[in-house]
Asker: 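To start, I am sharing the structure in question, which I have written as C-alpha cells.
The chains referred to below are lettered A, B, ... by the order of the sequence lines, with proteins before strands, and numbering in each begins at 1.
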Amino acid sequence: MIRYPYKDIEFSPAPRPKKKYDPDFLIGLYRSMLRIRMIQEAIESRYHEDQMKSPIHLVIGQEATSVGVCAALRNTDQVYSSHRTQGNYLAKGGSLKAMLSELYCRLNGCAGSRGGSMHLLDKSVGYAGSSAIVAGSVPVTTGAAFSAQLLKKDQVNVVFFGDAATEEGAVWESLNFAALKSLPVIYICENNFYSVCSSLEVRQPGVDIYKKAEAFGLNSCRIDGSQVLHVYEAAREAVERAQSGGGPTFIESVAYRWRGHGGAGDDSASGYRDPEEVKAWQEFCPIEGLYKELVKQKQLDEVRKNSMKEEIQEEIQEAFEHAINSPNPEEKDLSTHVYSD
Amino acid sequence: MIRYPYKDIEFSPAPRPKKKYDPDFLIGLYRSMLRIRMIQEAIESRYHEDQMKSPIHLVIGQEATSVGVCAALRNTDQVYSSHRTQGNYLAKGGSLKAMLSELYCRLNGCAGSRGGSMHLLDKSVGYAGSSAIVAGSVPVTTGAAFSAQLLKKDQVNVVFFGDAATEEGAVWESLNFAALKSLPVIYICENNFYSVCSSLEVRQPGVDIYKKAEAFGLNSCRIDGSQVLHVYEAAREAVERAQSGGGPTFIESVAYRWRGHGGAGDDSASGYRDPEEVKAWQEFCPIEGLYKELVKQKQLDEVRKNSMKEEIQEEIQEAFEHAINSPNPEEKDLSTHVYSD
Amino acid sequence: MPWAEALLTSKAAGQEVTEEGRALSYVDALREALTLALELDPKVFVLGQGVNDSPGMFGVTTDLHKKFGTDRVFDTPLSEEGLTGICAGAALNGTRPVYLHNRPDFLLLTFNQLVSHAAKFHYIDNGQSNVPMVVWSAIGRGWGSGSQHSQAIQGFLLGVPGLKIIMPSTPYDAKGLMLSAIADNNPVLIFEHRWAMKTKGVVPEGIYHVPLGKGIYRRRGEDLTIVGTSHTLSLAIEAIDELSKEGISADVIDLRTLKPLDEEIIFESLKKTGKVLVVDTGPEMAGVCAEIGCLVAEKGFHDLRGPVRRIGLPDSPVPAGYTLEQFYFPDKNRIAKVIREMVSGT
Amino acid sequence: MPWAEALLTSKAAGQEVTEEGRALSYVDALREALTLALELDPKVFVLGQGVNDSPGMFGVTTDLHKKFGTDRVFDTPLSEEGLTGICAGAALNGTRPVYLHNRPDFLLLTFNQLVSHAAKFHYIDNGQSNVPMVVWSAIGRGWGSGSQHSQAIQGFLLGVPGLKIIMPSTPYDAKGLMLSAIADNNPVLIFEHRWAMKTKGVVPEGIYHVPLGKGIYRRRGEDLTIVGTSHTLSLAIEAIDELSKEGISADVIDLRTLKPLDEEIIFESLKKTGKVLVVDTGPEMAGVCAEIGCLVAEKGFHDLRGPVRRIGLPDSPVPAGYTLEQFYFPDKNRIAKVIREMVSGT
Ligand SMILES: Cc1ncc(C[n+]2csc(CCOP(=O)(O)OP(=O)(O)O)c2C)c(N)n1
Ligand SMILES: Cc1ncc(C[n+]2csc(CCOP(=O)(O)OP(=O)(O)O)c2C)c(N)n1
Ligand SMILES: [Mg+2]
Ligand SMILES: [Mg+2]
C-alpha cells in the first residue's frame, strides 16, 4: 500500500519566478544536486568498510530542498540543521574534505572529530552548525536571527528540520517568538512522512503542518520538494521578506527519503513502509526531473552530464583519500575547548 | 488607554441551549458564582493579617468560566488546574473548609499543608489537582484522559489554564496527542490578556489562541467568559463530544482579571494596565449580568439574593473558624509520603 | 552501526554463563519482563518512539503490539516533555505506563514533568495519589553517538526526592528489576547501558522480582570495596578478575538501585576492607560517585583506611570520534591501575 | 508576601555594613551591574518574564528598558526552553544575552537547551564558536512557595561539563560576579537566593569583577572548615559567630563559584583544621555537598581528622506550609549543633 501518494499532496500555489533564469544558474542547481547525490552514494558504498565510525543519515531523494533553499542564500546568511546534515552542509558550500574527515573521525574533520556526522559545521560559508537532538536547532536559529536583528546585521537565518521536529514544543515556542519579533528567519520543514520507521499517521492527527505555522502568525506554504525551482522561489520570497523586515517564513517542503532513516540502503523490507512507495516516489526524482527539463530546453545533454559526473567523481575520490590519510586525534586533543577563554 | 476593549473581541457563535433551562439550574449557577466571589473577597479582606502564609491568585471577574464549565460535569469527571486554583476547585465542589485550612497551612488542609494555595485537590469531588508550574497540568490531564480511554472509564477530563500557558511547548505537544488519540479531554484556556503584568502584546504576535488549537486538529471556539451560559453550553457540547468518542475540545474563554496577578487588591496603579480598563470590564460582571437577567425573568429578586448572601456568609465564617482553629502539622508530618508503598 | 555491533556481539559471546539455567540475552530478558507485565496487568501500557517498529526498540519491544494491541503498546510523537506529563497523568488516574526512550539525553527535555510533577505529586497530594510509572532509557556509547547521544544522566537525578533509579547490569537483574519497577507505586527510572545490553545470562522463566534498594556482591575479597552499577561495574569486575593474578581481591558490590541507595551493604564491606572505589557510567563530578564517596567519608569515616577513589567520566563533553572516545571512557586497564594504586597506597 | 518581606527586611536592617564605603542593597547592586553592562556593551541584552514590569523583576531590572530600550531589555513569552535555545543561538551569533528567571524551578524546562546545546557547542564546534550567555534565577523559600517554587537545583547541573555556576552571598559579590558572568565567554548560571537578596553591603561604584572560580575566607579559625555558598553559608556564619562564645572558631569559605570549583582554598584550610562541613541551599544528596565531601575524602584524605559532614536539604520535596517549612530548612541552630558535634568528635 502506498500510504503517501504524490498525487494526493496539496501544494500551495507555486511562487512565480521574478525573472527568467540564467542557464548557468539552472545548470548550477542541477550540478549541486547531482554532486550531493553522488557524494551520498559514495559514502553509502563505503559504509560497510566500517571506517566511518559514525551514524549516517542520507538525503537521497531530498536534495532539491537543500539546493533550492541554499541557492537563494548568500555566503553571509546562516544555515543550521538537524541530524540529517549532509545535504544542507554541502549545498551551503561546506567543505567536502572537512566533512569526510569528520566522518572518518580525523583531527582535521570540520568539528575536529568531536561533533561527528550529526554535528557538522563550516563557519566560513555560513553553515553554522546542527544538533543531533531533534528540533534542537530550531530555537538556536531563532536566536541567531534575533541577534542579527539586534546588531542590524544583514543576515538571513535558516533552519532545516524534519516533520517529526514539529512534534517538539520548542518549535512552537520558537515560531511564536519569531512572529512576535518579526525575525529574519526561515523555517524549512522537510516533510518526508517518516520519523525513523514511524509514519506521520501514528504521530500527528492528519493536520497540515504548514497550516499550524500559519495559525502561529507566520507566512507559510507547502511546496513540492521534488522541484528545485519551486523550493528556490519559495526560499527567495522568504529571503526577501526577511531582509525587508517582513518577518519569518515557514516552508514545508515535501519530498521522500529513498533510503532508510540511518545507515546505508533502503530498509523498507522490514515492513514499516511499502517498497512500492519508495519506487513510486523515485518517479519524482528531483535530479532526473530537472535534467529532463534542461535537456528539453537544450541547456544540457548527455555529454555535458557525463563530464560533470567525472569531475565530481574525481573530487569525491580526492576527498576520500584526503580523509583516509588524515591524522587521528591524540589524547591531548581530548581536553581542549571545554571552556572558551 | 483601554488595550483590550470588550467590544473588539470576536467570539465564536454562541452554542444554542439544548433545552429550556430549569430555574433552579440558573439560580444554582448564580449562587455558585456569588459564593466564589464572596469567598475570594473574604480571603482578600483577611490577607493582610498574614496568617494565610501562602500566595493567593484571585479569580474575581472570571467566576463564570469555572462555574459554567463545572456545571456541565459530573462528580466523576476530573478537573485539573494551574496556579489560579480557587474558582475551579470551588466550582467543582471542593471543600471550602479543607481549602481554607490549606491556606492557613493546617494539618487538615486539602493537601495536608504540603501543597499550598497553588496545589489544591479534593479527589472526592473529582478535583484532581493542580500545578504551580504554568501549563504543568495540561499534559497531566491529557494523560488522565488517555487512561480513562484505555480503562474505558466514562470520565471526562478537564484542565483550566491561562493565556500564557499557551506559550509553553508542552501544551502543543499535549494537543497534538489528544487529537491523535481522540481523547476525552477539554482544554479551557482562560484568556484574561495578562500574565502577571505582561500583556499579550509582548508575548504573542496578535494571533487567535483558539485558532492555533484548531490548526492542531481540535474542535475549538472562543466564548464570552463573562456569560456563564455561553460557557456552560460550550462545555456541555464538549462533554458530549468527549463522551461519544468525538475527541478533545479547546475552549478559549475570555474574561478579565479584576485583581492583581497575586495577592489582595488591584495593582493597575503600578502602570502595566490602565485602571480604566479594569473599570470598563467591571461593566461585564458575570454575576451582576446573570442577576439582572434572572430578575428580568422573575426568577430572582433582592430578597432572595440577600438571604443567599447571608447563608454564604455564614458558611464562610464557619469555614474560617474551622481553619484558624485547626492544628498545625508537627515535625513527624514532614517525612511521610515521600514514597508511596 | 555494523562495526560496533560486531565488536559487542563477539565480546558478549566470550562471556560464560556460569550458573545453571536458561540462558537469555539481555534484550530478550527485558522483552520477557514487558510481556509478563502486559499479560499480568491490563493497566500496564508501553509507549515510546519506535516501540512498534519491526525490530522493536533495540529488540526490547519486538512484536509486543501484535500480541497486546496498539492501544497498549504504541509508537508516539516525539513530544518527550508532553508525553512524560501524559504518563504522569495516566499513572495518577489508574494505569501503569512504561515509557521507553532510545537515549537518556532525551530525558533532559522532560525534567519539568519528571522532577516538578511526577516526583512530587504523591508528596504534595499528601499521599492521596501516586504515580506508578516507569521511564526507561539506554545509555549510548560509541559509533559517533557523541555529546548529545551518550550522556549518562543518572547523577543529575539522584538528588530528586520521590524518584527511584535503577541501573541493571545483568539479564537476570534487567528482567527482575523491570518487573519490580512496573510493580512499584512510584516513578522509577531505569538506565540501561547499550553495552550491557549485549550480554547474555541465566534468566528464570515467569515473573520474579529483584528488590529495589538492595545491592548484591558480585565478588568477595579483601583489599578494597568496589561499588557501582551497570557497564562500568562490569569493567571493574574484569579488572579485579585479572588482578587476582597479582594477589589482589575485592568486594565488588553491584548496587542495582541507586535510589533508594543500599547504604548497609556498602558499610558492611567497608568495615572489612577499609577502602572504597566508586565507579559509574556518568560524570565523576556531583553524581553517583560523589554521593557514595561523600557518604562513606561521612558515615563510614572511622572505617576508612585510605582515600576514596572514583572512576567515572571526566568533566568534558563526550567526543563523537572513535579515537577520542578511547581516551575518554574508562576501561578495565584504567580501573586496574587505580585499584593497584589503592592497594599499594600510592 | 507581606509577612515574609517584612521579616526579611528587618533582618537585613540588623546586619551591619562593616567595611567602609557606599552601602547598597543586594538588589540595587545587581541592577547596577546590569546597567553598567548594558552601557558598556551594545551586544548585551536582558530578557525575562516581567523584566519590564514597573517594579522590575524583584527590583533587579527596574526601568532598565526605559534607559536602554525594549529591543535590549524585554519581557518574554513563557517558553523557557525555546528562549534558552534562542539565547544560545543569539550568543553563538555575536550577542551576550542575560536571561532572568523568577525561580530555578523554571530552568527544569530548559535542560535540553542548557545541557545538550549551550553547554556543548563550544566543545563540539571544536572551539570555533562560543556561547557567552548568563542565566539568572532566584531560589525561593517561604510563603507557600512549596515544592514547585523553591527548588535549589545547582547540584543537578554541577556535573554538566561546559557550564559555569555562581552563587553569590553578598551585594559586593552579586554585582562583581554578575559582571564577570556577563564578561565570560561561556554559559554561566547564577543562582541567587531570595533571602540573600534582602541584605545590604558595601558595593564599589563602577565596573569591577569578582573572579570566577575563586573562593574567599569569610572567617578565619581553627576547629573546622565550613565551606559553601549563598544563604546557607550566611546562616553558618551566624552560627559560628555565636559559637565563638563557646571558644569554637572556624575557617568559613564562601566559594562564590561552584563550577569551576576552587579546590585549592578548600585543601589549604583543611590542612589546618582537619575537618570539613559542607553547606548548601540544595539537596544534600548528590549535589554540591556530595561533590565537595567526596573531593575532600579523595584528595584531602590524609588531612582529614574526622568525618565530613554536610548540611543541605533532606531527601523529600519542599512542603508549602509555614510550620512544615520550619522543620524542613536548616537554620543557624541546627548548623551550630552539627559544628559542636564535629568539634567534640561525637
Ligand atoms: C529529542 C529527540 N528525540 C528523539 C530523537 C531520536 N531521533 C533521531 S532522528 C529521529 C527522526 C526524526 O524525524 P524527522 O524530524 O521527520 O527527520 P527525518 O529523519 O525524517 O529527516 C529521531 C526520532 C532525537 N534525536 N532527539
Ligand atoms: C513554567 C513557569 N513559568 C513561569 C511561571 C511564573 N508564573 C506564575 S503564574 C504566571 C502567569 C501566567 O499567566 P496565565 O497563564 O495567563 O494565567 P493567569 O495568571 O492570567 O490566570 C507566571 C508567569 C511559572 N509558575 N511557571
Ligand atoms: Mg521525517
Ligand atoms: Mg492570563
Asker: To the nearest 0.5 angstrom, please state how far the CE atom of Met118(A) sits from the OG atom of Ser145(C).
Answerer: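 Here the rounded value is 6.5 Å.
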Asker: Looking at CD of Gln326(C) and CG of Leu334(A), how far apart are the two atoms once the value is rounded to the nearest 0.5 Å?
Answerer: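 Output value for this atom pair is 11.0 Å.
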Asker: Under 4.5 Å heavy-atom distance to chain A, tell me which part of Glu80(C) shows up: side chain, backbone, both or neither.
Answerer: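 Both parts, heavy atoms under 4.5 Å.
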Asker: Among Gly263(A), Ser117(A), Ser131(A), Gly271(A), which residue forms the greatest number of heavy-atom pairs with chain C at distances under 4.5 Å?
Answerer: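 Ranked by contacts with chain C, first place is Ser131(A).
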Asker: Is there a side-chain contact between Glu325(C) and Lys53(A) (heavy atoms, below 4.5 Å)?
Answerer: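 Heavy-atom side-chain distance check fails, nothing below 4.5 Å.
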Asker: So which atom in Asp105(C) and which in Ile133(A) form the shortest heavy-atom distance, rounded to 0.1 Å?
Answerer: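 Shortest heavy-atom contact: CB-CD1, 4.4 Å.
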Asker: Counting only heavy atoms closer than 4.5 Å, note whether Phe74(C) contacts chain A via side chain, backbone, both or neither.
Answerer: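 Neither part; nothing is under 4.5 Å.
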Asker: Does Asp341(A), at its CG atom, have more than 12 non-hydrogen atoms belonging to other residues, nucleotides or ligands within less than 6.0 Å?
Answerer: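 No, not enclosed.
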Asker: Which distance, rounded to the nearest 0.5 Å, do you find between the CZ of Arg106(A) and the OH of Tyr322(C)?
Answerer: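 Here the rounded value is 12.0 Å.
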Asker: Heavy-atom pairs under 4.5 Å with chain C are the metric here; pick the option from Gly116(A), Gly169(A), Ser270(A) that has the most.
Answerer: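 Sorted descending by pairs with chain C, the first entry is Ser270(A).
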Asker: Which residue out of Pro77(C), Pro314(C), Gly321(C), Gly144(C) racks up the most heavy-atom pairs below 4.5 Å with chain A?
Answerer: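 Highest number of pairs under 4.5 Å: Pro77(C).
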Asker: For the backbone of Ser79(C) and the side chain of Glu167(A), can you confirm whether one donor and one acceptor N or O come within less than 3.5 Å of each other?
Answerer: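 No: the side chain of Glu167(A) does not pair with the backbone of Ser79(C).
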Asker: At what distance, to the nearest 0.5 angstrom, does CG of Asp75(C) lie from OH of Tyr272(A)?
Answerer: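 Rounded to the nearest 0.5 Å, the CG-OH separation comes out at 12.5 Å.
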Asker: Enter the distance from Met57(C):CE to Cys197(A):SG here, rounded to the nearest 0.5 Å.
Answerer: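 Spacing of CE (Met57(C)) from SG (Cys197(A)) equals 11.5 Å.
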Asker: Less than 4.5 Å to any heavy atom of chain C: does that hold for the side chain of Met52(A), its backbone, both, or neither?
Answerer: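 Just its backbone gets close to chain C.
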Asker: Select one option (side chain, backbone, both, neither) describing which atoms of Thr166(A) are under 4.5 Å from chain C's heavy atoms.
Answerer: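 Contact with chain C involves no heavy atom of Thr166(A) at all.
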Asker: Between Ser198(A) and chain C, with a heavy-atom cut-off of 4.5 Å, which part of the residue counts as in contact: side chain, backbone, both or neither?
Answerer: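 Both the backbone and the side chain of Ser198(A) come within 4.5 Å of chain C.
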Asker: How close do Leu324(C) and Glu330(A) get, heavy atom to heavy atom, and via which atoms?
Answerer: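 Looking at all heavy atoms of both residues, the shortest contact is CD2-O, 3.9 Å.
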Asker: Does Trp143(C) reach the main-chain N or O of Ser54(A) with its side chain, forming a donor-acceptor pair under 3.5 Å?
Answerer: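 It does hold such a pair.
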Asker: Given a strict heavy-atom distance threshold of 4.5 Å, which part of Val196(A) is in contact with chain C: side chain, backbone, both, or neither?
Answerer: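 Just the side chain, heavy atoms under 4.5 Å.
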